[in-house]
4 protein chains.
Amino acid sequence: MKKNKPKYNQIIEAAVQVIAENGYHASQVARIAQKAGVADGTIYLYFKNKEDILISVFEEKMGQFIEKIAHGISDKNNADEKLFTLIDMHFRQLSKDHYLAIVTQLELRQSNTKLRLKINQVLKPYLVIIDDIIKEGTRENIFRSNLNIQLVRQMIFGTLDEIVTNWVMKEQKYDLVQQATDVHEFITAGLSVKK
Amino acid sequence: MKKNKPKYNQIIEAAVQVIAENGYHASQVARIAQKAGVADGTIYLYFKNKEDILISVFEEKMGQFIEKIAHGISDKNNADEKLFTLIDMHFRQLSKDHYLAIVTQLELRQSNTKLRLKINQVLKPYLVIIDDIIKEGTRENIFRSNLNIQLVRQMIFGTLDEIVTNWVMKEQKYDLVQQATDVHEFITAGLSVKK
Amino acid sequence: MKKNKPKYNQIIEAAVQVIAENGYHASQVARIAQKAGVADGTIYLYFKNKEDILISVFEEKMGQFIEKIAHGISDKNNADEKLFTLIDMHFRQLSKDHYLAIVTQLELRQSNTKLRLKINQVLKPYLVIIDDIIKEGTRENIFRSNLNIQLVRQMIFGTLDEIVTNWVMKEQKYDLVQQATDVHEFITAGLSVKK
Amino acid sequence: MKKNKPKYNQIIEAAVQVIAENGYHASQVARIAQKAGVADGTIYLYFKNKEDILISVFEEKMGQFIEKIAHGISDKNNADEKLFTLIDMHFRQLSKDHYLAIVTQLELRQSNTKLRLKINQVLKPYLVIIDDIIKEGTRENIFRSNLNIQLVRQMIFGTLDEIVTNWVMKEQKYDLVQQATDVHEFITAGLSVKK
DNA sequence: GATGAATGAGTCTTCATTCAT
DNA sequence: CATGAATGAAGACTCATTCAT
């Protein structure tokens, strides 16, 4: 399995840096190879082509991102806590890794439609996690029962995504993580059973 | 003023079509010229360069989009009605113009970071409108008084934007406008003074 | 019609020279452009791709080659004279244009099978001319009546082609045209002592 | 001597197959190694470089080809019989080995000029055999005495070669061997009606 | 104002060959 | 002897922009 070889990860890490520093379209394969400390041709022993590098970057990084969140909420006791944890960890992880934030929020969005569809595939498990929280909240009777799950999921994801993008575009000048409370409150109020 | 000359608009309309049909990266200046019925060189009598065309497309189309919404909410009596009207018109306008929806939600997002910052400038008046509605709601005591306006605005815009993007990506197979009620309810519940 | 524009012919002539001097595989488009005195991109206004240049070189040059021979034999009175004229002109034309001889006998043979099939199409009219001479000779009762035309044509063309190729490979150190008589005699008379 | 080791021949046989199946330019060293069941690097223990493989293929195969013909004509009693045997065996051997026919008639011709000169060296013994037959025929007074041997040899070889190439290009749809009689007759008798 | 022929910079990918094991 | 992972040079083609007419 190529993914376990050290050069595979070297190239992935180099790609994140090069894309973050130069922008999506100025990211030449030669520059990625150079930063990874391998020859140009070596890239093609591990990746089919340039697009494959970009998809793999997203798969690897978002895969870990999602897995951590999945793990983080697994020991929470109810949908409300899980939702807060998800928001908090979403912001916290991207806060910690500036390069990753730039790449996922700005640069990889510049990819063509084909690549974006692949990216959507990678995101699917995250959307499923959100769906599950909504369903659990409904079962626990803390969220309203007549929610359009698909729509609510889009609203939650859209909210988080837009907030992170704004933060990245404003060059990360303020603290993203501390927004989690307000965002959680806003979303919860929208979802909750009125009392 | 060049904007009043017929060829200016011909080129803008041609650009929207070409981008919608071929995608952002396959949109060559020569193809836009051809569809507009002018020579390649003529483009450069009306626009500084290719980027200028794309920005102008966004300015013209989003300018009208925003203006219509501004006008639409001007005769509403309170923040709640205004918010619903904004959501409804946001969805309604993009529903009516498929080309525009594809271009603004998918294709222009593929532009580089510099262009996206310019696009953000164009969107600013729209964000101000949202801000004003939130402030008015607070004054009218129908929205909570401790809202972080900047954050709430991002959440509202993010929500609307994500919902439209999902609708475009699913090839506009369902009715977008009828989602307005649920979206309005979700947002309102989040914003409202608890009773 | 692009073929009548001066740059089309400039590029064709440049291509013949570059291929003759550098060999088929070392013939870069950039070098052809340089020798033709045009920009690299200009090549692609007149030719679809590199292969198209090579095919066109062959079409143009062999087209003229064949046409001259067709014209040259048109006023001859019998098959024997026509055959001699064909051999003589075949040798004479390639003798005069060393570059062309190298390109047609050595370099273009290095092309891939697809290109070679196209080259065969171009050669077809020449083979038809040979066929016609054989048929005429049979009608005139100076050639045998039981000839397998397809086979005889291959033998005649193979003979001429091999002789020219040998002459080119020996760096054109001897006079090709003066071989015409012997070749003509061999073809008409064969090896045997007449009885 | 490396030639006697089994891997040498494995590689030669693999090369013939790979070239016949994929064409000259698509014949990568890695593919030949794979088909031969050895590692890429092993190739270079037996051959200096890729060109050396190709030359060796030609040497080995054409060496056998020529040797068999030399042996086949050795017990014939006169030049005429020898010439017929040469033609018949030339056609017969290539008829039997489709791969070899494709490789020698089409694919190896795509090699560069330098390689073709080496190939000509390999063919030299065959040309000598033809020369000897012509000389013997002259001595035996069955061929004309005033023949230009070099030229006649080119004509004979060119004839045979062109006929085989045509047969290969027409995908070997007809019987090549049965052409031998006509070809022999043409070469000995020429086109003319005997007087 | 309008044209469109001409320009030329910029980059991904292949594959023969090497060499540490 | 044998391996196969790693190397790195080399070139066709596109397309935004210009400028002589």
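Quick caveat: nothing in here was measured; it's all calculated off a predicted structure. In what follows, chains carry the letters A, B, and so on, assigned in the order in which the sequence lines appear, proteins first and then strands, with residues in each chain numbered from 1. Quick note: numbers below take in every heavy atom, side chains included, and nothing from hydrogens, waters or symmetry partners.
- Both B/Gly37 and C/Ala39 lie near DNA chain E, and the one whose nearest nucleotide falls closer to the 5' end is B/Gly37.
- For the pair C/Asn22 CG and F/dA10 P, the interatomic distance rounds to 15 Å; values are reported in whole Å.
- In terms of the salt bridge (Lys or Arg N to Asp or Glu O under 4.0 Å) criterion, C/Lys7 has no residue partners (sequence neighbours excluded).
- For D/His98, there are no ring-ring contact (aromatic ring centres under 6.0 Å, His included) partners at least two apart in sequence or on another chain.
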Atom pairs and distances, side-chain donor-acceptor, residues 28-37 of chain A, under 3.5 Å, sequence neighbours left out:
unit_1, atom_1, unit_2, atom_2, d
A/Arg31, NH1, A/Asn22, OD1, 2.8
A/Lys35, NZ, A/Gln17, OE1, 3.4
A/Lys35, NZ, A/Glu21, OE1, 3.1

(request) Taking Watson-Crick and G-U wobble pairs with both distances under 3.5 Å, convert DNA chain E into its dot-bracket string, 5' to 3', dots for unpaired and | for cross-strand pairs. (result) .||||||||||||||||||||

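- Place A/Ile43 and D/Lys7 on DNA chain F by their nearest nucleotides, and D/Lys7 ends up nearer the 5' end.
- Applying the ring-ring contact (aromatic ring centres under 6.0 Å, His included) rule to D/Tyr24 yields no partners; only residues at least two apart in sequence or on another chain are considered.
- Between the side chains of C/Glu67 and C/Gln64, no donor-acceptor pair of N or O atoms lies under 3.5 Å.
- Judged by distance alone, the side chain of A/Ser56 and the main-chain N or O of A/Asp52 form a donor-acceptor pair under 3.5 Å.
- Taking atom CD on D/Gln34 and atom P on F/dA2, their separation rounds to 18 Å, with Å as the unit.
- B/Lys5 has its NZ atom 12 Å from the C1' atom of E/dA2, to the nearest Å.
- Rounded to an integer number of Å, the gap from A/Tyr46 OH to E/dT13 P is 18 Å.
- The CZ atom of B/Phe47 sits 13 Å away from the P atom of E/dA2 (whole-angstrom rounding).
- Atom pair D/Tyr24:OH and E/dA16:P shows a separation of 10 Å (rounding to whole Å applied).
- Spacing between atom CZ of D/Arg31 and atom P of F/dG4 amounts to 18 Å, rounded to whole angstrom units.
- Qualifying salt bridge (Lys or Arg N to Asp or Glu O under 4.0 Å) partners for D/Asp161, counting only residues two or more places apart in sequence or in other chains: D/Arg109.
- Applying the side chain to side chain donor-acceptor pair (under 3.5 Å) rule to A/Glu13 yields the partners A/Lys61; only residues at least two apart in sequence or on another chain are considered.
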(message) Does the protein touch nucleotides 12-21 of chain F at the base, only the backbone, or not at all? Give it as B, S and - per nucleotide, heavy atoms under 4.0 Å.
(response) SBBSSBB---

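- Under the ring-ring contact (aromatic ring centres under 6.0 Å, His included) criterion, C/Phe47 pairs with C/Tyr8, sequence neighbours left out.
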